[in-house]
There are 2 protein chains.
Amino acid sequence: MTVSLAEIRRSSGEVFTEGCPTRVVLDHIMSKWGVLVLLALTDGTQRWGELRREVQGISEKMLASTLRTLEADGLVSRTSYPEVPPRVEYALTDLGRELMQHMLPLVQWVAVHAGDIVPVEADAAAS
Amino acid sequence: MTVSLAEIRRSSGEVFTEGCPTRVVLDHIMSKWGVLVLLALTDGTQRWGELRREVQGISEKMLASTLRTLEADGLVSRTSYPEVPPRVEYALTDLGRELMQHMLPLVQWVAVHAGDIVPVEADAAAS
DNA sequence: TGGGTAGCTTACTTCAAAGTGGGTACCCTC
DNA sequence: GAGGGTACCCACTTTGAAGTAAGCTACCCA
């Protein structure tokens, strides 16, 4: 095992308690849409419309809100081009790529094992 | 970069959408108390009361609920001893340890970088 | 002038995660 | 009998993430 909670606390103090930066960041990146937007951007730079289609089910309101949050966190960059119709591109920043290097192994593990962990009912619920 | 969303989708189908097993598991392990309980158990087997003290701020209701969920997921094991007062011990299962091997690098990275990502106000809010 | 586009914002509503306050069973000590 | 302990449960309430519906901007085209 790499580290323990005790070791994390030794080096970073109290973590993941309500309202502290670590909990806030976790909530941002693991939120209903945050994880999907970050994963989509792992594939490369995308425009708003592309993200909208890639992340199925998301409303424009939630896409805007999620991107705003991740941009404020410095994990995603926004580049707007003075064109008509408007073209805005989103991409992971260096920090965002670094984050995904640590996040992808977990997300992949969950993708592979979720079927063993949660009963098929959850699957049915999603149908 | 290890994998992308496209690759995860190729191998596991639609992931992290509302209600599907992957999203449910993520919600369990990243919930307000789930992440702290799992981290606490990374330090080793613990009794109910020990967990209660280790995970500061958690109510008995939420400790019971969180442990019930993680036990149902097969990530945590519960061993009850026929003693008085009652003694119940919780530990990570093999699957739970495997999960933490993938979760700890992310959690550690977030602990180290959260201060750069989220403004100090969040810190103040936690005070 | 009315049509279109992409990319957003806002006011209000919904609902599930989490919290509160009360309770239980059993044994021990005083 | 009354107080303490551990390890939970339950009915009800709160609250914030997410959803809905409507709207907006800036520009181009016929």
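Here is the naming used below: chain letters follow the sequence lines, and residue numbers restart at 1 for every chain.
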Scan residues 58-77 of chain A for pairs that pass salt bridge (charged side-chain N to carboxylate O under 4.0 Å, His left out), counting only residues two or more places apart or in two chains. A:Arg52-A:Glu60
Pairs in or reaching into residues 76-86 of chain B: which pass salt bridge (charged side-chain N to carboxylate O under 4.0 Å, His left out), with residues at least two apart or in two chains?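 Only B:Glu83-B:Arg87 qualify under salt bridge (charged side-chain N to carboxylate O under 4.0 Å, His left out).
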Using whole Å, what does the distance between atom C1' of nucleotide D:dA17 and atom CG of A:Leu26 come to?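 Between C1' of D:dA17 and CG of A:Leu26: 15 Å.
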For [X], all residues meeting side chain to side chain contact (heavy atoms under 4.5 Å, CB included), sequence neighbours excluded:
X: A:Ala72; result: none
X: B:His102; result: A:Pro105, A:Leu106, A:Trp109
X: A:Ser31; result: none

Where along residues 50-57 of chain B does a heavy atom fall under 4.0 Å from DNA chain C? none
Proximity to the side chain of B:Ala64 - top-ranked nucleotide from D:dC8, C:dG7, C:dT9: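 Among the listed nucleotides, the one closest to the side chain of B:Ala64 is D:dC8.
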Identify which nucleotide among D:dC8, D:dA18, C:dG7 has an atom closest to any side-chain atom of B:Val88, counting heavy atoms from C-beta outward.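 Of all the options, the side chain of B:Val88 is nearest to D:dC8.
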Tabulate protein N/O versus nucleotide N/O from nucleotides 20-30 of chain C, keeping only pairs under 3.5 Å, one per line.
none

Please identify each residue that fulfils side chain to side chain donor-acceptor pair (under 3.5 Å) with B:Gln46, with sequence neighbours left out.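 For B:Gln46 there are no side chain to side chain donor-acceptor pair (under 3.5 Å) partners, ignoring immediate neighbours.
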By side chain to side chain donor-acceptor pair (under 3.5 Å), which residues pair with B:Asp27, not counting sequence neighbours? B:Arg23
